[in-house]
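Report on the structure given below.
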Amino acid sequence: MKKTLSKPVLLASLLCTVAIAQAQETPAPVTPPAPELTVLPPPAAWEPPPLEPFTATYQALYKGKEAGDATMRVTHTGGDQWRVDMQVVGRHGFASVLGLNLEQSTVFEKQGTTYVPLSQATVRKGLFLGKKVTGTYDWKAGTAQWLGDLKKERTQPIPLQPGDQSALLINLAIMRDARPGQQMHYRYVDVGRVRQHDYQAAPETENIQVGELSYNALRVFRTNGGNDETILWIANGVPTPVRILQREDGQDRIDLRLIEYQGV
């Protein structure tokens, strides 16, 4: 006995047949190949610069305005003895009147990886601001003492501790010690004062524009300066900070930006 499909059943059967036929005729969608991954080279390992003679020239800004220039110089004076000098010269506006004429120097010994200060001098020039101070770090006696244009209490002997640094030596010590994420602690003994200086390096480097040059630099900042901030940017392969910024009460005060440097 022959069976006849009712219209609804016949229509459903035809739709199913058409769908199957279309499925058979339509090729399966082609999955596009995954894009090739670009393998970036690993970041360069941080390499502190060796202590070597150099001369670096900086553009000096005072409160955001061009004020003059600065020179930092490291010289090897023989044996284990070295000297670091910084000279800041105000050439525009009231920079010189306000005391942006400063010469500092520290004679030190390199003992292994440690920088040991031996003597320090500061000369400041400006209207009503002339000052000359000299200091000696007597490690045999275990004291440091400054003489010159200072208050009486700042001419008293200061007991020394291993690792004590002058202001300029802290800059060199940071160049030696800084690593991404590193904390650094120094005891500042300079111009008759003793202070603890604590610094923190950023976890990663950042791009910083200094004049016409761009550096991938590590930012290092003082964490216990209160309203007085000190920020340095240092770059692989450069023996001196590419920028040194001092701020007071949240405002830029002295800003040194590297123009050029060369080995001596």
Side-chain angles (χ1 to χ4, degrees), residues 48-56 58 70-88 102-124 133-148 150 154 157-179 182-201 218 220-225 228 230-234 238-246 254 256 258 261 264:
L51 180 65
E52 293 180 343
F54 70 83
T55 298
Y58 292 83
T71 302
M72 180 182 288
R73 181 178 290 108
V74 169
T75 54
H76 185 197
T77 57
D80 295 328
Q81 196 166 109
W82 296 72
R83 175 175 170 139
V84 55
D85 294 89
M86 171 69 88
Q87 181 181 32
V88 184
L102 178 68
E103 297 176 12
Q104 287 185 309
S105 67
T106 298
V107 176
F108 65 100
E109 281 188 355
K110 183 177 184 291
Q111 298 181 3
T113 59
T114 303
Y115 303 150
V116 180
L118 302 178
S119 64
Q120 191 275 340
T122 298
V123 178
R124 184 183 295 274
V133 177
T134 58
T136 301
Y137 300 83
D138 187 341
W139 291 95
K140 290 184 178 180
T143 59
Q145 188 170 16
W146 277 260
L147 300 173
L150 287 172
R154 289 172 59 185
I158 297 173
L160 287 170
Q161 296 180 9
D164 285 351
Q165 304 283 272
S166 72
L168 291 179
L169 280 187
I170 287 179
N171 287 339
L172 295 183
I174 288 174
M175 299 298 299
R176 176 196 64 201
D177 298 337
R179 306 287 190 282
Q182 181 76 34
Q183 292 183 352
M184 291 150 282
H185 308 282
Y186 307 102
R187 188 171 181 257
Y188 163 105
V189 180
D190 203 331
V191 196
R193 292 177 176 172
V194 179
R195 295 174 178 173
Q196 182 65 30
H197 279 219
D198 298 328
Y199 291 84
Q200 173 71 55
L218 184 64
V220 179
F221 55 95
R222 189 178 173 197
T223 59
N224 67 336
D228 296 332
T230 301
I231 308 170
L232 304 92
W233 285 265
I234 60 179
V238 183
T240 184
V242 299
R243 185 180 178 190
I244 304 172
L245 175 63
Q246 295 181 349
I254 297 177
L256 304 182
L258 184 65
Y261 69 91
V264 177

Stepwise side chain to side chain contact (heavy atoms under 4.5 Å, CB included) check, I170 with Y199:
CA-CA 10 Å; I170 287 179; Y199 291 84; 3.9 Å; yes
Shortest non-hydrogen contact from P241 to L258?
O-CB, 4.2 Å
Identify whether the distance between the nearest side-chain nitrogen and carboxylate oxygen of R187 and D164 falls below 4.0 Å.
yes
Please report the closest heavy-atom contact between T55 and R73, naming both atoms and the distance.
OG1-NE, 3.4 Å
Within this structure, what is the CD-CG distance for the pair Q111 and D80, rounded to the nearest 0.5 Å?
7.5 Å
Please name the residue in the list T134, D85, V84, T122 that meets the side-chain contact (heavy atoms from CB on, under 4.5 Å) test with S105.
D85
Centroid separation F54 to Y261 less than 6.0 Å:
no
Any chance the side chains of Q120 and D190 put a donor and an acceptor closer than 3.5 Å?
yes
Donor-acceptor pair, distance only, cut-off 3.5 Å: does the side chain of K110 make one with the backbone of G112?
yes
How far does CZ of F221 sit from CG of L232, to the nearest 0.5 angstrom?
11.5 Å
So I174 and Y186, do their side chains get closer than 4.5 Å, heavy atoms only?
yes
Supply the atom-to-atom distance S166 OG to Y137 OH, rounded to the nearest 0.5 angstrom.
5.0 Å
Is any side-chain heavy atom of Q145 less than 4.5 Å from a side-chain heavy atom of D138?
no
Distance-only donor-acceptor check, side chains D198 and Q196, under 3.5 Å
yes
Give me the atom names and distance for the closest heavy-atom approach of A178 to V220.
CB-CG2, 4.2 Å
Taking C-beta and beyond as the side chain, do M175 and P48 meet within less than 4.5 Å on heavy atoms?
no
Got I158 and W146 here, is their nearest side-chain heavy-atom distance under 4.5 Å?
yes
What distance do L256 atom CG and M72 atom CE have between them, rounded to the nearest 0.5 Å?
8.0 Å
Non-hydrogen atoms of W139 and L118 that approach each other most closely:
CD1-CD2, 4.4 Å
So, taking the atom named CG in D177 and the one named CD in Q182, what distance separates them when rounded to the nearest 0.5 Å?
7.5 Å
Let me confirm one number: the OG1-CG distance from T106 to L172, rounded to the nearest 0.5 Å.
9.0 Å
Contact between Q81 and V107 at the side-chain level, heavy atoms closer than 4.5 Å - yes or no?
yes
Which atoms form the tightest heavy-atom contact between Y115 and Q165, and what is the distance?
O-NE2, 2.8 Å
When you compare the side chains of T240 and Y58, does any donor N or O come within less than 3.5 Å of an acceptor on the partner?
yes
Do we see a donor-acceptor contact under 3.5 Å between the side chains of Q200 and Q183?
yes
